[in-house]
Amino acid sequence: MMLIPCPYCGPREETEFHYGGQAHVAHPADPAALSDTEWGHYLFFRANPKGRFAERWRHSVGCGRWFNAIRDTATHELVRVYEMGEPEPVIE
Amino acid sequence: MIAGTARLPDHPERLWPNPEPKRSYDVVIVGAGGHGLATAYHLAKEQGVRDVAVLEKGWLAGGNMARNTTIIRSNYLWDESARIYEHALELWEGLEEDLGYPILFSQRGVLNLAHSLQDVREGVRRVNANRLNGVDAEWLDPAGVKEVCPIIDVSADVRHPVLGATFQPRAGIAKHDYVAWGYARAAAATGVDLIQDCEVTGFLRDGDRITGVRTARGDIAAGRVGLAAAGHTSVLADTLGLRLPLQSHPLQALVSELLEPVHPTVVMSNAVHVYVSQAHKGELVLGAGIDSYNGYGQRGSFHVIERQMAAALELFPVFAGAHVLRTWAGVVDVSPDASPILGRTPFTGLYVNCGWGTGGFKATPAVGRCFAHTIAHDEPHPLNAPFGLERFFTGALVDEHGAAAVAH
């Protein structure tokens, strides 16, 4: 069970949250211009690092708000949480 | 010997040699789990490729092969899946003879329970699809479910009443360690080198051609390289800048203490996310769904097993007094359509076998045959042709989310 620090409510148990996968995946600016290969990458390909990962969480049964987090997928350490729309922080 | 339990067969004194790695092989397989070992076996046996090494970062069959719930079935919805899983089941039925080694394959059948009208409709549809594909399947009403598995509570006044089930009588379980050891022994007997404690950390390349692997025990040249590293395939592919449509998640399971034989079949439930069988020695083996987040930690969240046990107890009140012996997680690589990726890559001489998600064990013999064919001929076997990477660009997905009893 992870203790996830919601930026608005403080630390809460993992069961209060919904996982949203990789953060900072931008919708194509000009969708009609994409090739099939580019579409495939946009739809289906996400980073899958063993280590630090920028991802989205929603505090579903708390404030209901989405936020971003940097989490280590090997150790489960939550390195940083930050607001949607903020750029991915550079750590160390 | 305890009354009511089956005595496990004795092992031969020597299972396989433990050689030093050579500096070069025709084929290197990364990962000595069931898939890697079966592939090496079929490379030698059917493709005549005997200069093969299987490299394993830990010990042989100590990853997901040691962590799965050993269920074997072929009742998948789509034609492409039915073909490859049914081929695997046919091979399972002759595997003990083929390998000359006991694997304790027990065809005790599998029930996939329905708890809602929608489940019923989907189940009946799957039975019809299975029969059209030559897969044994029948639809059972609650009384029929009770007949196959008397310990299931089929009363109507529970939270998730059992409204029926699909039943595949030829499905079952096998002893996963014995399966690995049988393949390892048979592969080693043909001259395949099984190298443990030899983590692959990267690749040797000449432009877009892969020429070998970097390992914890030095570089090893290879004519061709096959990846069978399950949940860690992305980590390896990343070293080449090769992105794969995979997300790795913890998948949890647990076993109870040893019990008298109480559970005669395999029971799975999509709606309540539990699947249960009783191992040969007597433990109840319970699988859960994957944890939602990406994770490589080989452990998951407690609330997942809590829900899984609550579901199991509602279905099987007789389990109420059972104690948990141990829990664990494997790292599974889930693809966007819940189907495997098995085929060539954009790199010449590099082949992937990944994305089996929660269901790789049952496919082991078919993976061995198909992946060996793919590597030896540089083109997919007809059975794995639909499962290439290109489907994520053509849109020809094989959407099997509904065919696994796991949320993923």
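Throughout, protein chains are lettered first and strands after them, A, B, ... in sequence-line order, and every chain is numbered starting at 1. Because only heavy atoms are used, hydrogens play no part in the values below, and waters and symmetry mates are left out as well, while side chains stay in.
Residue A:E13 does not touch chain B at all, counting heavy-atom pairs closer than 4.5 Å. Interface remark: B:L397 contributes side-chain atoms only to the contact with chain A (heavy atom separation under 4.5 Å). In this structure, no portion of B:R391 lies under 4.5 Å from any heavy atom of chain A. For A:S35, no part lies under 4.5 angstrom from a heavy atom of chain B. Contact annotation for B:D333: neither backbone nor side-chain heavy atoms come within less than 4.5 Å of a heavy atom of chain A. Contacts between A:H41 and chain B at a heavy-atom distance below 4.5 Å involve backbone atoms as well as side-chain atoms.
Counting non-hydrogen atoms of neighbouring residues, nucleotides and ligands closer than 6.0 angstrom, the CH2 atom of B:W78 reaches no more than 12 such neighbours. In the displayed structure, B:R217 atom CZ is contacted under 6.0 Å by more than 12 heavy atoms of other residues, nucleotides or ligands. Counting non-hydrogen atoms of other residues, nucleotides and ligands closer than 6.0 Å to CG of B:D79 gives a total above 12.
Annotation for A:K50 and B:V235: closest pair CB-CG2, 3.7 Å, computed over non-hydrogen atoms.
Inspection of the B:S248 and A:N48 side chains reveals an N or O donor paired with an N or O acceptor under 3.5 Å.
Ring orientation note: the planes of B:Y293 and A:Y19 are nearly perpendicular, at an angle over 60° on the 30°/60° scale.
Contact count versus chain B (heavy atoms, under 4.5 Å) is highest, among A:E38, A:H18, A:R71, for A:R71. When each of A:G21, A:A47, A:G51 is checked for heavy-atom pairs under 4.5 Å with chain B, A:A47 comes out on top. Chain A forms the most heavy-atom pairs under 4.5 Å with one residue out of B:A237, B:G395, B:G297, B:P336, and that residue is B:P336.
Note: A:T73 OG1 to B:H249 NE2 = 11.0 Å, rounded to the nearest 0.5 Å. Atom CE of A:M1 and atom CD of B:E306 lie 7.5 Å apart (nearest 0.5 Å).
Only one option out of A:F45, A:W39, A:F44 pairs with B:F393 in a ring pair (Phe, Tyr, Trp, His ring centres under 6.0 Å); it is A:F45.
Residues B:R299 and A:H76 have side chains in contact (heavy-atom distance under 4.5 Å, counting atoms from C-beta outward). Put simply, the side chain of A:E14 reaches to within 4.5 Å of the side chain of B:D291, judged on heavy atoms.
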